[in-house]
Each structure stands twice: as C-alpha cells, then as structure tokens.
Number of protein chains: 2
Amino acid sequence: MAQEGADEPPELTSSTGFLLARLGAESRRRWARMLSERGLSPHHFGVLMALDQHGETHQQRLCEAIGVDPRNAVPIFDTLEAHSLIARTSDQTDRRKRAVVITAAGRTTVDELRRTGAALDHDLLAGLTDHQRTTLHRLLLKVFDTIVDSNHSTITMPAQPADRSAASRT
Amino acid sequence: MAQEGADEPPELTSSTGFLLARLGAESRRRWARMLSERGLSPHHFGVLMALDQHGETHQQRLCEAIGVDPRNAVPIFDTLEAHSLIARTSDQTDRRKRAVVITAAGRTTVDELRRTGAALDHDLLAGLTDHQRTTLHRLLLKVFDTIVDSNHSTITMPAQPADRSAASRT
DNA sequence: TATTGTTATACTCTATAACTATA
DNA sequence: TATAGTTATAGAGTATAACAATA
C-alpha cells in the first residue's frame with residue numbers, strides 16, 4: 001500500500017470508492033439545487049457539457065458520458081429539446097442513430113452554468129489548495145477514462161472538435 | 001489555474017464537483033450491486049463502517065456521516081437491527097437520543113464487505129498507480145472533512161475509539 | 001441476429017411537511 | 001422554543017422487460 005508520510009489520517013472511510021460515492025452524492029445534491037432554479041437536472045447539464053466539448057454525437061455516447069442508461073435518457077433529451085438547448089436530427093449514414101447537436105442557446109446556457117458551478121467547486125473544495133485541486137481533478141479524470149473504457153471495450157468519444165472557438169466568450 | 005506539465009487532458013469535465021458526482025454515481029452503482037447480494041444497500045454499509053470506526057454514537061451523527069437525511073434513515077437502521085448487525089438503546093443522559101452500537105455479527109460483516117470492496121476499488125482505480133490512489137484517497141478525505149464541517153458549524157465525530165482490537169482478524 | 005432508440009412499469013432513493021417525546 | 005427521532009407522502013432517479021426500426 002505504499003507508505004506515505006506519518007500524517008496519514010486514521011481511516012474514516014477506508015474504501016476510496018465508497019468515499020467517492022459519498023462525496024459524489026453530496027456534490028450532485030448541490031448541483032441539483034443550483035440547476036433546479038433553471039428547471040434543469042445534473043443530467044441535463046451533463047449532456048450540454050459533453051456536447052459543448054465534443055460536438056455532435058449520437059445519444060448512446062452521450063448516455064455513456066453522463067452515466068445514464070439509454071432507457072432513462074429519453075426524457076432528458078426531450079426536455080433539452082423542448083427548451084431549444086439541443087437539436088436532434090437523423091443520422092444519414094445510420095438512420096437508427098439520432099445525431100444530437102447543441103444550439104447557440106444551449107452553448108450560452110452551459111457556459112453560464114459552468115461559471116456558476118465554479119462557485120460550487122470553490123465551496124466544495126475549500127479545504128484544498130489550488131495545487132491539490134488540480135491534482136484531484138487530474139486523478140478523477142484518469143479514473144473516468146478507466147470506467148468508460150471498461151464498460152465497453154474501446155470507446156473514448158469521437159473527439160470531433162466542434163468549432164468551439166466560434167462562441168468565444170469572456 | 002496553476003500551470004501543470006503539458007500533458008494536461010483537454011477538459012472533458014471542467015468542473016471537479018461535477019466529475020465527482022459522475023464518478024460517485026458509478027462507484028455507488030457497483031457497490032450497490034455487490035451489496036444487494038447480501039440484502040444490503042450502500043447506506044447500510046456506510047452505517048456499519050462509521051460505527052466500526054467510531055464506536056457508539058446516536059443516529060443523527062451517523063446520518064451525517066453517510067449523507068442521508070434523518071427522515072430517510074429510519075428504515076436503514078430498522079433493517080440493520082432486523083439483521084442483528086446493530087443494536088439500538090436509549091441514551092440515559094438524553095432520552096431523546098437513541099444510542100447505536102455495532103454487534104459482533106455487524107463487525108464481522110463490515111470486515112467482510114470491506115475486503116470484498118477492495119476488489120471494487122481495484123477495478124475502479126485501475127488507471128492509477130499505488131501512489132496516485134493514496135493521494136486521491138487523502139484528498140477526498142480532506143474534502144469530506146470540509147463538507148461535514150460546513151453543514152454544521154463544528155462537528156467532527158466524537159472519535160470514541162471503540163475497542164476495535166477485540167475483533168482482530170486476519 | 002445485433003444495435004439504436006423508445007415505451008411502460010416497478011423499484012429505490014431523496015425531499016417536503018408535520019407529528020411525538022424529550023430537553 | 002429547540003432538538004432527536006419518527007411517519008406519511010410525493011417526487012426524482014434507476015433498473016427490468018419488451019418492442020419497433022434499422023443495420
């Protein structure tokens with residue numbers, strides 16, 4: 001288990017995965033409260049964020065990104081489309097798939113929410129230094145890659161670099 | 001944002017809190033599946049773990065430890081008591097409170113589950129080195145302390161050092 | 001036959017309101 | 001009045017089964 005310094009905390013929560021679940025619930029709770037003021041849920045924001053970063057994709061990849069079963073995702077996409085934050089079209093190469101794109105309004109919304117969310121991060125990570133926050137984020141990203149890769153055999157998102165620059169802000 | 005090396009991943013999930021929520025859900029999902037085979041939920045395990053580490057406490061402190069509203073915690077304690085994994089008695093100094101203790105069977109169970117959970121951790125954190133896992137765990141613990149302290153004004157668990165040694169195992 | 005998206009449904013978890021008993 | 005625990009209930013989130021359209 002690799003010996004650290006001597007200031008290792010007793011235990012409190014011996015399993016990292018369980019501690020992750022505990023903190024994740026707390027974080028989601030705060031996000032949900034903030035987002036509910038705009039009629040959105042964490043899943044809605046997750047879809048917008050994934051679309052904003054990766055550009056057009058189909059629903060199943062988005063479901064994987066936000067960790068929601070496709071069976072439960074339909075109402076999520078419906079709501080986003082009803083709010084004109086995304087648009088769904090039929091994929092021409094494979095008509096089973098529905099291509100999803102973020103709209104200009106969706107892009108504005110996700111940028112707004114991201115800024116507001118930064119305040120939540122600030123509170124949540126108040127006990128960490130800037131360097132520790134960066135380290136934590138980097139490690140969590142690595143874990144994220146692991147679970148996405150393990151669910152399917154080889155999937156890492158198409159990485160179609162949506163012309164994000166067109167909506168340059170701030 | 002403190003410049004790291006140059007191998008910083010693009011973004012994927014810009015908010016640490018949101019990424020935490022995403023990974024926490026995945027982790028909880030895996031724990032839930034493992035625990036369901038024994039008729040338990042993540043909350044049940046959380047209670048047992050907190051009791052095993054901190055000894056006797058009352059219900060509200062346990063609720064805070066596992067992040068569950070006291071209103072939703074009653075069935076959790078009831079189930080644990082029905083399985084004889086915990087025992088509830090009336091606190092003599094304040095008869096409103098119900099003192100909760102872990103039983104010998106509960107201690108055996110939590111040790112078993114902790115070992116089984118280690119396999120889950122291994123899979124979940126497969127992308128990290130041992131050192132990175134230790135770092136991640138330490139950072140998450142710090143965040144945990146932050147949110148517990150922020151919810152109430154000053155609470156850090158009584159730290160009554162239950163005679164854990166009596167159940168020495170392995 | 002396998003995959004994408006969908007519907008219906010049941011189940012779990014969480015949040016809101018109000019009540020009892022103790023302090 | 002405030003707190004610990006409880007109950008009832010509605011809502012959000014998640015899992016199970018089955019289906020239509022397309023590949």
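Just so it is clear: chains get the letters A, B, ... in the order the sequence lines come, proteins before strands, and each one is counted from 1. We use all heavy atoms of the structure for the numbers below, so side chains are in, but hydrogens, waters and symmetry mates are not. None of the values given here were measured: they were computed from a predicted structure.
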Student: Which of parallel (below 30°), tilted (30 to 60°) and perpendicular (above 60°) describes Trp31(B) and Phe18(A)?
Tutor: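 Ring orientation of Trp31(B) relative to Phe18(A): perpendicular.
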Student: Can you tell whether the side chains of Arg29(B) and Glu26(B) come within less than 4.0 Å, N to carboxylate O?
Tutor: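 Result for this pair is yes, salt bridge flagged.
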Student: Is Asp52(A) salt-bridged to Arg107(A), going by a charged N under 4.0 Å from an acidic O?
Tutor: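 Salt bridge present between Asp52(A) and Arg107(A).
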Student: Under the side-chain contact (heavy atoms from CB on, under 4.5 Å) criterion, do Leu128(A) and Leu139(B) qualify, and how do the steps go?
Tutor: CA-CA 8 Å; Leu128(A) 303 184; Leu139(B) 292 177; 4.1 Å; yes
Student: Hey, are Arg114(A) and Asp121(A) close enough for a salt bridge, meaning a charged N less than 4.0 Å from a carboxylate O?
Tutor: no
Student: Rounded to whole Å, please give me the gap between CG in Asp78(B) and P in dG5(D).
Tutor: 13 Å
Student: Less than 4.0 angstrom between a side-chain N/O of Arg61(A) and OP1 or OP2 of dT4(C), yes or no?
Tutor: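 Negative; the distance criterion is not met.
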Student: Determine, for nucleotides 9-16 of chain C in 5'-to-3' order, which nucleotides have protein heavy atoms under 4.0 Å from the base (write B), from only the sugar-phosphate (write S), or from neither (write -).
Tutor: ----SBBB
Student: dA2(C), dG5(D), dT6(C): which one has an atom nearest the side-chain heavy atoms of Arg98(A)?
Tutor: dT6(C)
Student: Quick check: on DNA chain C, is the nucleotide nearest Asp94(B) upstream (toward 5') of the one nearest Asp94(A), or the reverse? Name the residue that is more 5'.
Tutor: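 By nearest-heavy-atom nucleotide position, the 5'-most residue is Asp94(A).
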Student: Ignoring backbone atoms, test whether Gln59(B) places a side-chain nitrogen or oxygen under 4.0 Å from the OP1 or OP2 oxygen of dA4(D).
Tutor: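 No, no such contact exists.
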Student: What's the NZ-C1' distance between Lys97(B) and dA23(C), to the nearest Å?
Tutor: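 After rounding, the reported distance stands at 10 Å.
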Student: Of Thr108(A), Val110(A), Thr109(A), which is the lone residue that meets side chain to side chain contact (heavy atoms under 4.5 Å, CB included) with Glu112(A)?
Tutor: Thr108(A)
Student: Of the nucleotides dT22(D), dA2(D), dT6(D), which one has an atom closest to the side chain of Arg96(B)?
Tutor: dA2(D)
Student: Any luck finding a side-chain donor-acceptor pair between Ser41(A) and His44(A) under 3.5 Å?
Tutor: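 Yes - a donor-acceptor pair under 3.5 Å links their side chains.
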Student: Taking C-beta and beyond as the side chain, do Leu124(B) and Thr146(A) meet within less than 4.5 Å on heavy atoms?
Tutor: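 No, every pair of side-chain atoms sits at 4.5 Å or beyond.
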Student: Side-chain N or O of Arg95(B) less than 4.0 angstrom from OP1 or OP2 on dG5(D)?
Tutor: no
Student: Look at the side chain of Thr103(B) and the backbone N and O of Leu85(B), then say whether any donor-acceptor pair between them is shorter than 3.5 Å.
Tutor: yes
Student: Let me check the geometry of the helix from dT1(C)-dA23(D) to dA23(C)-dT1(D). What is the bend angle between the axes at its two ends, five pairs each, to 10°?
Tutor: 10°
